[in-house]
Amino acid sequence: MIREMRRIGTLVTLAFALALASCSSETPEAGAERTEFDIGWSIYAGWMPWPYADRTGIVEKWEDKYGITINFVQVNDYVESVNQYTAGQLDGVTVANMDALTIPAAGGKDTSAIILGDYSNGNDGVLLKGADTLEQIRDRDVYLVELSVSHYLLARALDTVGLPMTAVNTVNTSDADIAGAFSSPDITAAVAWNPQLTTMRQSPRATQVFSSADIPGEIVDLLVVDTATLQANPKLGKALAGIWYETMDLVERDDEEGEAARAAMASLAGTTPELFEGQLATTYLYADPQAAVAATSDEALFETMTRVRDFSFSQGLFGQGARSADAVGMAFPGGRTLGDPDNITLRFDETYMQMAADGDL
């Protein structure tokens with residue numbers, strides 16, 4: 001189940017999401033004041049604090065404070081969770097930055113990223129056999145999940161050594177099959193994410209030549225909420241921020257209580273405490289709200305999203321109607337925008353993280 005995290009939808013998936021979004025655009029509750037909300041999540045180390053908080057009374061505490069009800073809904077298939085959010089069946093969802101752009105935002109659903117949760121800091125990597133430098137990837141068949149975070153990581157890796165995407169041949173391989181495929185002596189290059197990456201690194205003659213730790217802050221995991229819903233119901237944003245940072249305090253504790261919390265999250269993720277700790281070790285959690293605010297406001301995020309949108313457009317992930325990478329507009333703190341300023345559908349909103357940092361929740 002963990003291997004389903006952060007997979008980018010295919011064009012068929014995107015088209016489905018666009019159709020659903022179109023059908024849901026007239027939802028009567030959009031922008032209305034409400035007291036009950038549904039937030040979708042799927043299994044991934046950086047997102048397990050949400051169900052843990054739901055099962056340990058933290059969510060209830062913040063619900064009571066703001067007089068609302070928040071239903072945390074597990075969706076076993078990650079892409080399906082994003083599709084359900086895009087269709088208006090969920091008010092918010094846990095999602096990677098690239099997916100937030102290419103599915104709901106590209107589909108015209110105005111979306112606000114209100115919690116910058118973590119970034120992959122080694123959870124994704126490029127492996128070669130019989131080689132110890134990235135430059136030796138030239139002319140190889142590279143096995144990966146195409147149109148995914150792995151595909152983006154490969155593009156970024158090649159860019160760091162001055163190689164174009166045409167320097168390699170990508171071979172689309174499902175995440176379920178990639179570890180087995182890499183065990184074949186004939187396959188000498190692959191890109192994967194954990195937990196498969198850890199297994200594949202054990203293959204004879206295999207060397208990890210690049211990882212997400214080499215591009216820190218680029219593969220980012222978020223909690224996003226429908227913008228109209230958030231504007232009509234700021235209490236939802238406040239409660240979600242309160243839930244996240246109270247739970248982060250537990251996750252970061254180096255004592256028996258922190259260990260027990262992480263073990264409980266491992267159980268919810270269907271893995272062992274040891275493996276879960278290993279996944280957290282390669283996941284940079286924004287446990288400090290001020291650090292999250294700084295990262296959201298940093299020029300680096302603007303540059304990252306520029307790379308992400310350029311890659312997404314080059315792969316056709318904005319749909320056939322998009323004539324340029326500027327088709328989808330994004331907004332950042334301080335009033336800065338990227339892309340079409342008249343079509344802002346992805347907003348990086350630091351408001352509630354800043355309230356947490358200031359103790360104003």
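The structure displayed is predicted, hence computed values, not measured ones.
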Inset, instruction - Compute both the distance and the angle, then confirm whether Lys109 meets the cation-pi test with Tyr85: under 6.0 Å from the six-membered ring centre, within 45 degrees of the axis. - result: yes
Legend entry - Contact list for residues 185-198, test salt bridge (Lys or Arg N to Asp or Glu O under 4.0 Å), sequence neighbours left out: none
Legend entry - Residue list, ring-ring contact (aromatic ring centres under 6.0 Å, His included) with Phe332, at least two apart or on another chain: Phe302, Phe348
Legend entry - By salt bridge (charged side-chain N to carboxylate O under 4.0 Å, His left out) - contacts of Glu257 (at least two apart): Arg253
Inset, instruction - Among Val224, Leu301, Thr304, Leu346, find the residue that satisfies the side-chain contact (heavy atoms from CB on, under 4.5 Å) test when tested with Asn97. - result: Thr304
Inset, instruction - Could you pull out all residues at least two apart from Lys61 that satisfy salt bridge (charged side-chain N to carboxylate O under 4.0 Å, His left out)? - result: Glu246
Legend entry - Qualifying side-chain hydrogen bond (donor to acceptor under 3.5 Å, both in side chains) pairs, either residue in residues 153-166, two or more places apart: Arg156-Glu218
Inset, instruction - Sequence neighbours left out, what passes salt bridge (charged side-chain N to carboxylate O under 4.0 Å, His left out) with Glu60? Give chain and number order. - result: none
Inset, instruction - Report the distance from atom CE of Met48 to atom OH of Tyr44, rounding to the nearest 0.5 Å. - result: 12.0 Å
Inset, instruction - With sequence neighbours excluded, tell me which residues meet side chain to side chain donor-acceptor pair (under 3.5 Å) with Thr173. - result: none
Legend entry - salt bridge (charged side-chain N to carboxylate O under 4.0 Å, His left out) against Asp326, all qualifying residues, sequence neighbours excluded: Arg309
Inset, instruction - Name all pairs fulfilling the ring-ring contact (aromatic ring centres under 6.0 Å, His included) condition that reach into residues 197-222, sequence neighbours left out, sorted by first residue then second. - result: none
Legend entry - Any pair counted as ring-ring contact (aromatic ring centres under 6.0 Å, His included), so long as it reaches residues 228-264, sequence neighbours left out: Trp50-Trp244
Legend entry - Residues in side chain to side chain contact (heavy atoms under 4.5 Å, CB included) contact with Ile344, at least two apart in sequence or another chain: Ala331, Thr337, Arg347
Inset, instruction - For residues 282-297, pull every pair meeting side-chain hydrogen bond (donor to acceptor under 3.5 Å, both in side chains), keeping only residues two or more places apart or in separate chains. - result: Asn123-Thr282, Asn123-Thr283, Gln290-Gln354
